[in-house]
Asker: 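Please read through the structure below; I'll follow up with questions.
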Number of protein chains: 2
Amino acid sequence: MQLSKRCEYALRALIDLGLAHAAGRSHVPLPELAAHENLPARFLEQILQELRARGWVGSRRGQAGGYALEAHAEAISIGDVVRHFEGPLAPIRCASVTAYERCSCPDEEHCGLRLLMVEARAAISRVLDAQTLADVVAVTRRTRRRAGLDLPFLPPEGDA
Amino acid sequence: MQLSKRCEYALRALIDLGLAHAAGRSHVPLPELAAHENLPARFLEQILQELRARGWVGSRRGQAGGYALEAHAEAISIGDVVRHFEGPLAPIRCASVTAYERCSCPDEEHCGLRLLMVEARAAISRVLDAQTLADVVAVTRRTRRRAGLDLPFLPPEGDA
DNA sequence: ATAATCCCTATTGGAGAAGTCGGGATTGAC
DNA sequence: GTCAATCCCGACTTCTCCAATAGGGATTAT
């Protein structure tokens, strides 16, 4: 049930951009993101391009360029990000809501396995589809603040 | 979040063996299992060997041989079967209970993503770890009976 | 002009998924 | 004792995807 690194890094990058936005920062350059998250820059770049193509992230070139959230953080559901990188949430296709596919078993309708997996998929969806990027960003900010830590991605002297 | 075919077939085979047991059948030969589930026999065989090695399934050779449940169906949790084939239930390692691993992010403790994934893993576990093979078999039998269908894997004339 | 940035395409190395195949060892029935 | 059905074991293949690396082009603030 593991997520791919692509998906994990994508989520981490989105959260960072959300944090940056919340901190009043506009664009964050790739090197800074990669350094902050300890990720290979070139690989992360690929992923950010994918997020851009998908419309979740915007970019600006040249000096003072970088990446920023394009969509509203409240409009990005974690479930959808996962779906984009991993496909359907359901463990087996015949239990999927968004990508149902008939399975090869003799009696799908009365299959106990399918019924169980429908429950599993519902449980996953209840967590991942209910939470938006904004929620995750908010939790991160709150817990960090409670611990007395300062927030990352502060603007570098007068940033619009 | 998809399960591999290996894992799916393993679960289907286990359920079949559970149904057979419940129907008073002792051993079911591979060809019958494969035909009933529409699965490639040779591949399914591999999987059954794996289930046998793990102690969930027993076998008998020669004529009137085949496979049968070795463990009690109530003792086989679906979550454990999934874990055996797919690894930890948690979407990311730093959210795993049974296979925790530190992640490369700068502040794991206050990471909103991790907290979310801990919830996701809990939700999955609540479904898959709570259900045993016996439960799934029972559901299958019940729903089939309600629909007026007869149960599969009946003993072939006086089977011990 | 220049340095920092994003943008695009290709390639690689390795692992794992999903099977396939050939042949050996047991066992029950006749 | 033979025979057919069955399990047992290990190798092999084919394909896809993952995770990452690499090279070089376009854009933009200073």
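FYI, side chains are in, hydrogens and waters are out, and symmetry mates aren't considered; it's all heavy atoms of this structure. The sequence lines fix the lettering, A, B, ..., with proteins before strands; numbering per chain opens at 1.
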Asker: Taking the nucleotide of DNA chain C with the closest heavy atom to each, which residue, B/R6 or B/G62, is nearer the 5' end?
Answerer: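 The residue whose closest nucleotide sits nearer the 5' end is B/R6.
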Asker: Nearest 0.5 angstrom please: B/L116 CG to A/L128 CG, how far?
Answerer: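 Result: 5.5 Å between the selected atoms.
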Asker: Quick one: on DNA chain D, does A/S4 or B/R61 contact a more 5' nucleotide (nearest heavy atom)?
Answerer: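 Here B/R61 is the residue nearer the 5' end.
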Asker: Once you round it to whole Å, what is the distance between C1' of D/dC18 and CD of A/E8?
Answerer: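 From A/E8 CD to D/dC18 C1': 13 Å.
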Asker: Do B/Y67 and B/E45 have side-chain atoms, one donor and one acceptor, less than 3.5 Å apart?
Answerer: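 Side-chain D/A pair, B/Y67 to B/E45: absent.
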Asker: Would you say the side chains of B/E101 and B/S96 form a donor-acceptor pair under 3.5 Å?
Answerer: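 Absent: no donor and acceptor within the cut-off.
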Asker: Under 4.0 Å from any atom of DNA chain C, heavy atoms only: list the residues of residues 42-56 of chain B that qualify, in numerical order.
Answerer: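 Heavy-atom contacts with DNA chain C come from B/R42, B/F43, B/Q46.
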Asker: Is the distance from OP1 or OP2 of C/dA17 to the nearest side-chain N or O of B/Y9 less than 4.0 Å?
Answerer: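 No, outside the criterion.
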Asker: Just checking B/F85: base, sugar-phosphate only, or nothing, at a heavy-atom cut-off of under 4.0 Å?
Answerer: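 If one applies the 4.0 Å heavy-atom cut-off, B/F85 turns out to touch nothing in the nucleic acid.
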Asker: For A/H27 and D/dT28, what is the distance between atoms NE2 and C1' respectively, to the nearest whole Å?
Answerer: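 A/H27 atom NE2 is separated from D/dT28 atom C1' by 12 Å.
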Asker: Tell me: CD of B/E70 to P of D/dC7, nearest whole Å?
Answerer: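 Computing the B/E70:CD to D/dC7:P distance gives 15 Å.
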Asker: Between A/R141 and A/R145 (side chain of the first, backbone of the second, donor and acceptor by atom type, cut-off under 3.5 Å), is there such a pair?
Answerer: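 Side chain of A/R141 to backbone of A/R145: no pair is present.
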Asker: Can you check whether B/S59 has a side-chain N or O nearer than 4.0 Å to OP1 or OP2 of D/dC8?
Answerer: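 Result: yes.
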Asker: B/L30 CG to C/dG19 P: how many Å, rounded?
Answerer: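 The distance from CG of B/L30 to P of C/dG19 comes to 14 Å, rounded to the nearest Å.
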Asker: I want to confirm an ordering. Mapping B/A64 and A/A64 to their closest nucleotides on DNA chain C, which one lands closer to the 5' end?
Answerer: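 Residue closer to the 5' terminus by nearest nucleotide: A/A64.
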Asker: Under 3.5 Å, is there a donor-acceptor pair between the side chain of A/R93 and the main chain of A/C103?
Answerer: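 No, the answer is negative, given that no donor and acceptor are paired below the 3.5 Å cut-off.
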Asker: With side chain to side chain contact (heavy atoms under 4.5 Å, CB included) as the criterion, how do B/Q131 and B/S77 come out once you've worked through the C-alpha distance, each side chain's angles and the decisive distance to 0.1 Å?
Answerer: CA-CA 6 Å; B/Q131 302 285 319; B/S77 111; over 6 Å; no
Asker: Which heavy atom of B/F85 sits nearest to which heavy atom of B/I47, and what is that distance?
Answerer: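 Of all heavy-atom pairs spanning B/F85 and B/I47, the closest is CZ-CG2, 4.3 Å.
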Asker: In whole angstrom, what separates B/L33's CG from D/dT6's P?
Answerer: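 Rounding to the nearest Å, CG of B/L33 and P of D/dT6 are 11 Å apart.
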Asker: What's the closest nucleotide to the B/P40 side chain, out of C/dA3, C/dT20, C/dA18?
Answerer: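 Minimum distance to the B/P40 side chain belongs to C/dT20.
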Asker: Among the candidates D/dA4, C/dA3, D/dC7, find the nucleotide nearest to the side-chain atoms of A/Q63.
Answerer: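 The listed nucleotide nearest to A/Q63's side chain is C/dA3.
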